[in-house]
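Everything numeric here is computed off the predicted structure, so don't read it as measured data.
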Amino acid sequence: MSEGHSTYTPKTGIGRWFDARMPLPRLVYDSFVAYPVPRNLNYAYTFGGILALMLAAQMLTGIVLAMHYAADSTLAFDSVEKIMRDVNSGWLLRYMHSNGASFFFVAVYIHIFRGLYYGSYKAPRELLWILGCIIYLLMMATGFMGYVLPWGQMSFWGATVITGFFSAIPLVGDWIQQLLLGGYAVDNPTLNRFFSLHYLLPFMIAGVVVLHIWALHVVGQSNPTGIEVKSKTDTVAFTPYATIKDAFGMLVFLFIFAYFVFYLPNFLGHPDNYVVADPLKTPAHIVPEWYFLPFYAILRAITFNIGPINSKLGGVLAMFGSIAMLFLVPWLDTSKVRSAVYRPWYKLFFWLFVIDAVLLGWLGSQPAEGSYVFMAQMATLFYFAFFLVALPVLGLIETPRRLPNSITEAVLEKNKHGGGGHPAHAAAAPETKG
Amino acid sequence: MSATDIQDPNRRDFLYVATGMAAVVGAGAVAWPFIDQMRPDASTLALASVEVDVSSLTPGMSLVVKWRGKPVVVRNRTEQEMKDGEAVNLAQLKDPLARNANLPADAPATDANRTMPGKEAWIVMVQVCTHLGCIPLGQEGEFGGWFCPCHGSVYDTAGRVRGGPAPENMTVPVFQFISDTKIRIG
């Protein structure tokens, strides 16, 4: 939006001196103060800011934890216990970090679903969306490697299973797996390299976040109506409007986060990870962290060979394929209308997809036997059908509702209905609430 | 001299190509040690062989030893387990190969081929699920063999995969009976 024209005027002599030499204050002012955002952004749009906050919080707590942690298979488990018992405030920092990872994923899932609901990935925001997908992949790698570091039973067996994915690759699979592990099984070399990479990847995430925000500020924010900004009345300044809204969103989010940190610190974890890693004994029921469960369910759903592809490779392909779907979304969706608000059928399928994703998550936490396997297979089928059938076909056959002419019109129309004694009408379209 | 005097291809072109090629080869040569250091190191590669005393194993008993960081199960099978293993129709098997490092790679997965000649009661195999590397639980599952708790793969009494996502039978490592009561693995 309004690229290349800056309204920043330094007020002090030092400001002018700086601006002529390195216009960093100008960049900040243009990006986070004067930057125009659509006036109808709702609280679903505050999760970008929340994610930035969580990344910063994870890096801060992580750097501090690394000062007390020992990345050696004979010391790692005990050093984590030492952080919990001996290090001053260590328990708090570790719980902030472990729950922080979970809440980071809570926020990113809401952020992704918001993008899917309002069609935020559609032209010209494809690259913005793909950069987001790359961040998500990096987050998954970081989360996985971080979970290995405490060297508990789930750490060890989670690492065994996930690095086992690579052994499914024909011909070079075993070589790649040994390259990742530094041996024939998960052991000290694995722990060392995972620690190194777990420290590195958040900085790479931060780098891609910069690109993500850059791309965002070139094309401008999407909004609940999916209509592009057309005039100045469609927007408000980032500060104070978006800043305050984001800050309030963060506050509410941090309240819930703090509740988990202080009252349910192990609710999202697994008790088996408080048992030190034993290479000769797999826990009776091994599960990954909750944020990987839907993909884990998809992995396990492929119990049959598909032509020349055996069930193992098939499961791994399905799992990676389920993530790859996200990258293709901008081209799979054929609809000319962005927002689900104006797409009755897409709205229905979107919510079915949300239910399906949650169902897959639940199935991933259940043992892989009996009717769970069949349910996981059906849910996997729907998962892929949503992307490969519903997205392309709905865009062609669906009749969208009438679009307002502008964001301003949509907002004023809603205010007219909502303010003038028609509360029921306003409640019927809560997703357009500004 | 001025630029117009230069003939094609000239000395500068040669320098461009030579520099480019040196850069490619150099980048590859520098990249390799960074990849190479990830591979299993010398101490990991040192092929330790393990000797196991199996004199205490009566039929129906197993023991597990660690070999190359992985568990190897030694099981003295019961009469019933051997009968179950022999009764299997090979056409029903998901993986028709014996996966026995002591036999040719194309040996069929008969019960006998999963063991040593004359020692058919004994199963010696790497107790690691061929799916994603979990340790299956012994004497569990539909076929009374092994059951992997991670993703539900089922193995029979000869360690052959019979159900679930695992693609292959569990591996029989190189081993030999050095006496009636001693096995050397590796």
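Both the backbone and the side chain of A:Pro279 come within contact range of chain B, with heavy atoms under 4.5 Å apart. Contact of A:Asn310 with chain B is made through the side chain alone, with heavy-atom distances under 4.5 Å. Neither the backbone nor the side chain of A:Ile162 comes within contact range of chain B, judged by heavy atoms closer than 4.5 Å. Of the two parts of A:Phe165, the backbone and the side chain both hold a non-hydrogen atom closer than 4.5 Å to a non-hydrogen atom of chain B. Interface remark: B:Ser153 contributes no atoms to any contact with chain A (heavy atom separation under 4.5 Å).
Across A:Gly183, A:Pro367, A:Pro283, A:Pro189, the residue that shares the most heavy-atom pairs under 4.5 angstrom with chain B is A:Gly183. Looking only at heavy-atom pairs under 4.5 Å with chain B, the residue among A:Leu313, A:Thr282, A:Val287 that has the most is A:Thr282.
Applying the 6.0 Å contact sphere to CZ of A:Phe384 captures more than 12 heavy atoms from other residues, nucleotides or ligands. Residue-environment remark: CG (B:Asp36) exceeds the threshold of 12 foreign heavy atoms within 6.0 Å. Other residues, nucleotides and ligands place no more than 12 heavy atoms under 6.0 Å from the NZ atom of B:Lys182. By the 6.0 Å contact criterion, OH on B:Tyr16 is open, its count of non-hydrogen atoms from other residues, nucleotides or ligands being 12 or less.
Atoms NE2 and OG1, from B:His151 and A:Thr303 in turn, are 12.5 Å apart once rounded to the nearest 0.5 Å. The CG atom of A:Leu180 sits 13.5 Å away from the CZ atom of B:Arg39 when rounded to the nearest 0.5 Å. Atom CD1 in A:Ile176 sits 11.0 Å away from atom CE in B:Met38 (nearest 0.5 Å).
Within the 4.5 Å cutoff, side-chain heavy atoms of A:Asn305 are placed close to those of B:Lys94. Annotation: side chain of B:Pro165 is not in contact with side chain of A:Ile302 (no heavy-atom distance under 4.5 Å). Contact annotation: the side chain of A:Thr160 never approaches that of B:Val128 to less than 4.5 Å [non-hydrogen atoms, C-beta and beyond].
When every heavy atom of B:Ile35 is checked against every heavy atom of A:Leu179, the shortest pair comes out as O-CD1, 3.7 Å.
Under a 3.5 Å cut-off, the side chain of A:Lys312 and the backbone N or O of B:Ala166 do not form any donor-acceptor pair.
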